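We count residues from 1, following the sequence as given. Small disclaimer: the values here were computed from a predicted structure and weren't measured. Just follow the structure's listing: the first ligand is 1, and inside any ligand the first atom is 1.
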Amino acid sequence: MNIGLLGGGQLGRMMIQAAHQLGHTVTVLDPDPNGPAGQIADQVIVGAYDDPQALAQLAQAASVFTTEFENVPAASLRFLAAHGPTYPNADCVEKAQDRLVEKAFIQSAGVAVAAHAAIRSVDDLKTCAAELFPAILKTARLGYDGKGQAVVQNRDQAIEAFKSMGAVVCVLEKKLPLAKEISVIIARHADGSVAVFPVGENIHKGGILDTTMVPAQIDDQLASTARDAASRIAQTMGYVGVLCVEFFVLADGSLVANEMAPRPHNSGHYSIEACQTSQFEQQVRICTGQALGSTDLKFPVRMTNLLGDLWFPNGEAAGQVEPDWAAMTQTPGSSLHLYGKAQARPGRKMGHLTQRLDV
Ligand code: ADP
Ligand code: MG
């Protein structure tokens with residue numbers, strides 16, 4: 001079967017690797033023919049995600065469609081839906097593209113979110129509840145890896161941050177006392193069956209995921225509450241595909257949903273080695289009509305992101321140096337994944353390292 005994939009990054013690359021393993025092919029639509037996914041795709045259509053001609057070509061090439069990229073235009077998925085199923089569909093992807101819509105939806109599914117207010121004008125910041133401060137101001141759309149966010153102590157700082165973000169629609173969110181950050185990845189099939197992955201515990205550095213440890217060091221009760229909440233969110237949306245829900249565990253032990261990603265997620269990369277079925281394979285199974293596989297964890301594991309900074313031990317001006325892969329993979333049970341990006345840049349996700357914790 002040929003799968004049509006919108007987006008050409010590392011998530012797409014790992015999805016293609018899973019598709020090839022299962023004997024399927026993938027046509028990628030991406031502006032960059034040599035991106036991580038384009039390099040190994042069976043076919044690349046070079047174009048913008050909203051280019052009608054490129055979309056028409058993709059519609060012809062494939063019989064089922066998916067995305068690895070959260071900000072794919074919903075209209076593109078709607079167009080493709082006339083030519084074959086899209087997993088996930090446009091309505092679900094749209095819900096995750098706007099933090100205000102997303103939070104309202106998560107609440108409607110009966111899952112708690114941080115106290116927040118919609119900010120469309122300076123006036124909204126003058127009149128919002130005082131209890132929200134200190135707060136985080138986030139652009140409602142297009143933020144990722146901590147970009148488009150500012151921590152603000154009071155109204156004046158919030159107004160300043162809002163203006164410096166170009167006065168685009170924002171959400172002002174109470175800054176919560178986080179004990180831990182966890183995520184739950186769930187695969188939901190068109191037939192309604194679900195497979196929930198073990199809970200991952202995430203550590204962010206500078207707004208970017210640094211490590212994921214699985215299983216998360218939380219009690220069983222909290223883990224099952226988180227897995228149930230993620231299932232409820234997926235079910236309420238009628239979601240089909242792989243979905244990640246990020247949660248905060250607060251100092252008092254309560255659980256708050258932060259955001260969701262309608263695609264395989266960085267915090268699920270460990271599943272390639274450590275689960276019976278990886279998050280990428282689940283996505284391919286869903287696209288090709290196979291039953292979901294088991295998400296059982298084979299061994300405890302840590303995934304560490306390898307950012308471009310690693311290539312510049314002496315600073316960017318001194319030039320790019322290849323990291324010491326031998327040292328990094330010394331420990332038995334280490335698996336290195338590089339995404340094929342030629343140019344390292346600070347903060348750029350270049351690869352990841354998965355390490356078994358039981359050897
Ligand atoms: P992104 O889309 O950039 O991942 P997030 O909303 O997940 O945006 O925020 C990035 C990180 O900022 C979170 O992983 C968390 O560490 C911190 N953060 C976000 N919102 C809050 C909050 N309401 N209270 C405390 N920390 C937060
Ligand atoms: Mg996040």
Restricting to N/O/S, name the atom of Glu246 that gets closest to the Mg ion (ligand 2).
OE1

From the list Gln17, His269, Glu273, side-chain hydrogen bond (donor to acceptor under 3.5 Å, both in side chains) partner of His337 resolves to Glu273

Under a 4.5 Å side-chain heavy-atom rule over Ile, Leu, Val, Met, Phe, Trp and Tyr, are Leu243 and Val184 clustered together?
yes

Sole residue of Lys349, Lys341, Glu68 in side-chain hydrogen bond (donor to acceptor under 3.5 Å, both in side chains) with Gln10:
Lys341

Taking Ile136 as the starting point, is it possible to reach Ile159 by hopping between hydrophobic residues whose side chains are less than 4.5 Å apart?
no

So if I only count non-hydrogen atoms and take anything under 4.0 Å from ligand 1, which residues does that give, chain by chain?
Arg99, Ile136, Lys138, Gly143, Tyr144, Asp145, Gly146, Gln149, Glu173, Lys174, Lys175, Leu176, Leu178, Glu181, His204, Glu246, Phe248, Asn258, Glu259

Verify the cluster assignment for Phe280 and Tyr339: are they in a single hydrophobic cluster under the rule of side-chain heavy atoms below 4.5 Å apart?
yes

Below 4.0 angstrom, N of the basic side chain to O of the carboxylate: do Glu173 and Arg99 qualify?
no

Under 3.5 Å, side-chain donor or acceptor atoms of residues 70-80 against the rest of the protein: list the pairs with distances, not counting sequence neighbours.
unit_1	atom_1	unit_2	atom_2	d
Glu70	OE1	Arg263	NE	3.3
Glu70	OE1	Arg263	NH2	2.8
Ser76	OG	Tyr49	O	2.6
Arg78	NH1	Glu94	OE2	3.4
Arg78	NH2	Asp91	OD1	2.8
Arg78	NH2	Glu94	OE1	2.9

Using only N, O or S atoms, tell me which atom of Glu259 is closest to the Mg ion (ligand 2).
OE2

